[in-house]
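Here the structure is a predicted model, which means the values were calculated and not measured.
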Amino acid sequence: MSTAFSAHISGQSIEIEIVPPTQYAPLVLSIRQQTGTVQLHADPDQLAEVEYAIHTYLESIRYTEVPDQQLILTAECNMAIEEGIA
């Protein structure tokens, strides 16, 4: 069985929740927005595949909303070393 669902959520605030699996139900990835909720019932391996696909895409477009803290620290250390030598 194949099902397709599309939801346009751009520009809306969303809440994301992962409901742990129980004896009777699999893990649920829940994405809630103003107009409704999308739930993806999956096992942990499938959720890992979703995470990998999203991470790979964001890396490919160089998603840089959060600066790389290690690069900032390295630059600050290099500046301190150069100032100490001068």
Side-chain angles (χ1 to χ4, degrees):
M1 180 173 87
S2 178
T3 302
F5 179 78
S6 177
H8 183 74
I9 61 173
S10 297
Q12 297 182 26
S13 63
I14 61 172
E15 296 176 23
I16 298 176
E17 177 184 17
I18 296 180
V19 180
T22 66
Q23 180 179 357
Y24 304 105
L27 173 141
V28 177
L29 170 63
S30 178
I31 304 171
R32 187 176 315 120
Q33 63 172 345
Q34 185 177 3
T35 58
T37 301
V38 175
Q39 292 185 329
L40 175 65
H41 297 252
D43 62 40
D45 290 339
Q46 291 170 319
L47 187 62
E49 289 181 34
V50 171
E51 182 273 336
Y52 178 76
I54 292 170
H55 179 76
T56 301
Y57 172 73
L58 293 177
E59 286 294 318
S60 73
I61 62 169
R62 300 185 191 272
Y63 186 72
T64 58
E65 185 174 311
V66 179
D68 185 341
Q69 297 300 317
Q70 185 61 44
L71 287 176
I72 293 170
L73 178 63
T74 301
E76 289 174 353
C77 288
N78 288 341
M79 284 179 36
I81 291 170
E82 290 174 8
E83 289 175 358
I85 293 174

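A distance of 11.0 Å separates CD in Gln39 from CZ in Phe5, rounded to the nearest 0.5 Å. Rounding to the nearest 0.5 Å places CD of Glu82 at 11.5 Å from SG of Cys77. Distance check: Ile9 CD1 to Thr35 OG1 gives 9.0 Å after rounding to the nearest 0.5 Å.
Transitive grouping of hydrophobic side chains (ILVMFWY, heavy atoms separated by less than 4.5 Å) keeps Val19 and Ile16 in distinct clusters. By the criterion of side-chain heavy atoms lying less than 4.5 angstrom apart, applied directly or through intervening Ile, Leu, Val, Met, Phe, Trp or Tyr residues, Val38 is not grouped with Ile54; the two fall into different hydrophobic clusters.
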Scan the side chains in residues 22-29 for donor-acceptor partners under 3.5 Å anywhere in the protein, sequence neighbours excluded, and list what turns up.
| residue | atom | partner | partner atom | Å |
| --- | --- | --- | --- | --- |
| Thr22 | OG1 | Tyr24 | N | 3.2 |
| Thr22 | OG1 | Ala25 | N | 3.0 |

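Applying the salt bridge (Lys or Arg N to Asp or Glu O under 4.0 Å) rule to pairs touching residues 35-56 yields nothing, sequence neighbours excluded. Within the structure, salt bridge (Lys or Arg N to Asp or Glu O under 4.0 Å) pairs that include any residue of residues 25-41 comprise Glu15-Arg32, Glu17-Arg32 (at least two apart or interchain).
Gln34 CD: 12 or fewer foreign heavy atoms inside a 6.0 Å radius. Heavy-atom contacts from other residues, nucleotides or ligands closer than 6.0 Å to NE2 of His55 number 12 or fewer.
The shortest side-chain heavy-atom distance between Ser6 and His8 does not fall under the 4.5 Å cut-off.
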- Task: Please report the C-alpha distance between Leu47 and Ile18 in whole Å, then the side-chain angles of each, then the deciding distance to 0.1 Å, and finally whether the side-chain contact (heavy atoms from CB on, under 4.5 Å) criterion is met.
- Result: CA-CA 10 Å; Leu47 187 62; Ile18 296 180; 3.9 Å; yes

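Of all heavy-atom pairs spanning Tyr57 and Ser60, the tightest one is O-OG, 2.6 Å.
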